There are 2 protein chains.
Amino acid sequence: MTLTAAVPSGERNRVQNRAHVPLAVSTVIFALRPHPETGLSTLWLPLVRRIRDPFEGLWALPGGWVRADESLADAAARNLLETTHVRPAYLEQLYAFGDVDRSPTGRVVSVVYWALVRAEQIEREPEGENVRWVLADELPELAFDHNLIVEYALWRLRTKVEYSRIAQAFLGETFTLSELRHVHEAIRGVALDPANFRRQMLSGDALVVTDERVTGGRHRPPRLYRYDTSIELADNGPLPPYRPEGNRS
Amino acid sequence: MTLTAAVPSGERNRVQNRAHVPLAVSTVIFALRPHPETGLSTLWLPLVRRIRDPFEGLWALPGGWVRADESLADAAARNLLETTHVRPAYLEQLYAFGDVDRSPTGRVVSVVYWALVRAEQIEREPEGENVRWVLADELPELAFDHNLIVEYALWRLRTKVEYSRIAQAFLGETFTLSELRHVHEAIRGVALDPANFRRQMLSGDALVVTDERVTGGRHRPPRLYRYDTSIELADNGPLPPYRPEGNRS
DNA sequence: ACAAAAGTGTTGATGATACACCCATGA
DNA sequence: TCATGGGTGTATCATCAACACTTTTGT
């Protein structure tokens, strides 16, 4: 019996001239925008039209091949930038999809990332012909196994928003507790008690009160809060968090 | 600007003759065995000695290249079988490690799985010269980034044992609540109150009481329990669970 | 004054923890 | 009868959901 250790040497591979499984990266990109009917903040994501077989004409997740000189996360950030022209406020690996028959034209393994971006940063950019933003809960039929992938990404987002601080990624530098609550409500799809939500957020140490208030509403002016940037948005255990272009010591 | 949809066609790839990043699978395999000093149940994992560069002579996680005709999970289960001669009681994807410089001899992306196996099934097999079981918390220096990978796997295991039923994977068909508690204690490294542990387990609907009891101990004979097999060990959201050789709808 | 949202206080349900105590067996 | 773990009962405490109520603004 032969045992091969985890990362076999490049030499051996070349000697055996073994063909490798093609490796792609795709990204599920979430943003909050008003629902076309209700006007309420809702989850949207960008799709890309396929311009060749398989699934020509169908919509699919943005993605592409992994280049030899970029990490997986960098590849995801790159095709996110190419699709939306913004950098992600949050980026996390979702899953590696590797079933043999997930593409009809030959084996492909896709490492999928999911990202949160701020809507204001993209709203001004006109959508290209081949990019379309759609409601995350009302997807058309997508190419490959991308419907399942989006479902899983949505599940992770909704699960994770309850025990991490990723909701921050949808907001700017400072924000009111109402704005933060609306983000949670949009993602989870339920109304939350303002009083209890306030206490939950303030009981942790992630929020920092500022002196500023927002005036102009016809009601008591709310305080502005800021996130403690020394605390990560999510706990990845021993894995270093993704930093757009910094070092990850 | 060019946009490429998530899984590019095989055709295009062949036309451009683009070299793909080598793709490997590694597996962190956990089993419970007595600690050599204290005798208490402890986490162990098997390592494989590297027999060629890079890192020749160092220990590493079991792994190998992904074959064209097997899914990622099947590849993990295969090299797990080759290393330990058993099938996993639990198998889950951990993470895809894809930093450019993680191997000194050329780019390799590793999709890593983690698995739980039952110690009784392997104890009789003699260890090969190139396989060695070590305490999960006292690892030697490993090849590549494998120390980080094991740390992350341990973190996931310890986090997940608290909100899922994966502890079952270490036990047989039936078991006493003591045995189940000892599994939790071994993984989490803390003593648990037997009375409260009992209630926690029985409050869910995952445990099924049997009529049988275990006699022979010099104390009141404990009841045997069984897991409700219609409930998955862990909630993967919309993703289908891994089944050793069954179909996943 | 009134509407609307900000913000505070209070109560009751629920769940976890600590620990006292009884039970059933082997030696 | 004693030691050992199995198993039950219960008081205490922290957490959370529900909701009444006060505060501060714009109109």
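Just so it is clear, the values below take in all heavy atoms, side chains as well, and ignore hydrogens, waters and symmetry mates. No experiment lies behind these values; they were computed from the predicted model shown. A note on names: the letters A, B, ... follow the listed sequences, proteins ahead of strands, and every chain is numbered from 1.
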**Prompt:** Given C/dA6, C/dA24, D/dT8, which nucleotide is nearest the side-chain atoms of B/P221?
**Reply:** C/dA24
**Prompt:** Hey, does the side chain of A/S178 come within less than 4.0 Å of C/dA6's phosphate (OP1/OP2), counting only N and O?
**Reply:** yes
**Item:** Separation of atom CG in A/L192 from atom C1' in C/dA5, rounded to whole Å
**Value:** 16 Å
**Message:** Between P on C/dA6 and NE2 on A/H182, what's the gap in Å once rounded to a whole number?
**Reply:** 7 Å
**Request:** Go through the side-chain N and O atoms of B/R102 and B/S110 and say whether any donor and acceptor fall under 3.5 Å apart.
**Result:** yes
**Asked** Does A/Q200 make a side-chain N or O approach to OP1 or OP2 of D/dT15 shorter than 4.0 Å?
**Response** no
**Request:** Calculate the interatomic distance between A/L224 atom CG and C/dG7 atom C1'; express it in whole Å.
**Result:** 15 Å
**Item:** Selected nucleotide, minimal atom distance to B/P222 side chain, candidates D/dG7, C/dA6, C/dT8
**Value:** D/dG7
**Request:** Measure from CD on A/E162 to P on D/dC16 and round the result to the nearest Å.
**Result:** 12 Å
**Prompt:** What nucleotide among D/dC19, D/dG7, C/dA6 has an atom nearest to a side-chain atom of A/N196?
**Reply:** D/dC19
**Request:** By nearest nucleotide on DNA chain D, pick out whichever of A/R213 and B/L202 is the more 5' one.
**Result:** B/L202
**Item:** Check: D/dG5 base within 3.5 Å donor-acceptor of B/R181 side chain
**Value:** no
**Request:** Could you check if a side-chain atom of A/I166 sits within less than 4.5 angstrom of a side-chain atom of A/L157, using non-hydrogen atoms only?
**Result:** yes
**Asked** For B/H219 and C/dA24, what is the distance between atoms NE2 and P respectively, to the nearest whole Å?
**Response** 15 Å
**Item:** Spacing of B/E212 atom CD relative to D/dG6 atom C1', expressed in whole Å
**Value:** 17 Å
**Message:** Rounded to whole Å, please give me the gap between CG in A/L177 and C1' in C/dG7.
**Reply:** 10 Å
**Message:** If you compare every side-chain N and O of B/R198 against the phosphate oxygens of D/dG7 (OP1, OP2), does one of them come in below 4.0 Å?
**Reply:** yes
**Message:** From CG of B/L180 over to P of D/dG5, roughly how many Å is that when rounded to an integer?
**Reply:** 18 Å
**Spacing of B/R132 atom CZ and B/W59 atom CH2 [to the nearest 0.5 Å]** = 5.5 Å
**Message:** Between the base of D/dG7 and the side chain of B/R199, is there a donor and acceptor pair under 3.5 angstrom?
**Reply:** no
**Asked** Which heavy atom in A/P221 sits nearest to a heavy atom in A/T215, and how many Å separate them?
**Response** CB-CG2, 4.2 Å
**Asked** Has the side chain of A/R220 got a donor or acceptor atom sitting under 3.5 Å from an opposite partner on the base of D/dT23?
**Response** yes
**Prompt:** What's the spacing between B/L94 CG and B/W155 CH2 if we round to 0.5 Å?
**Reply:** 10.0 Å
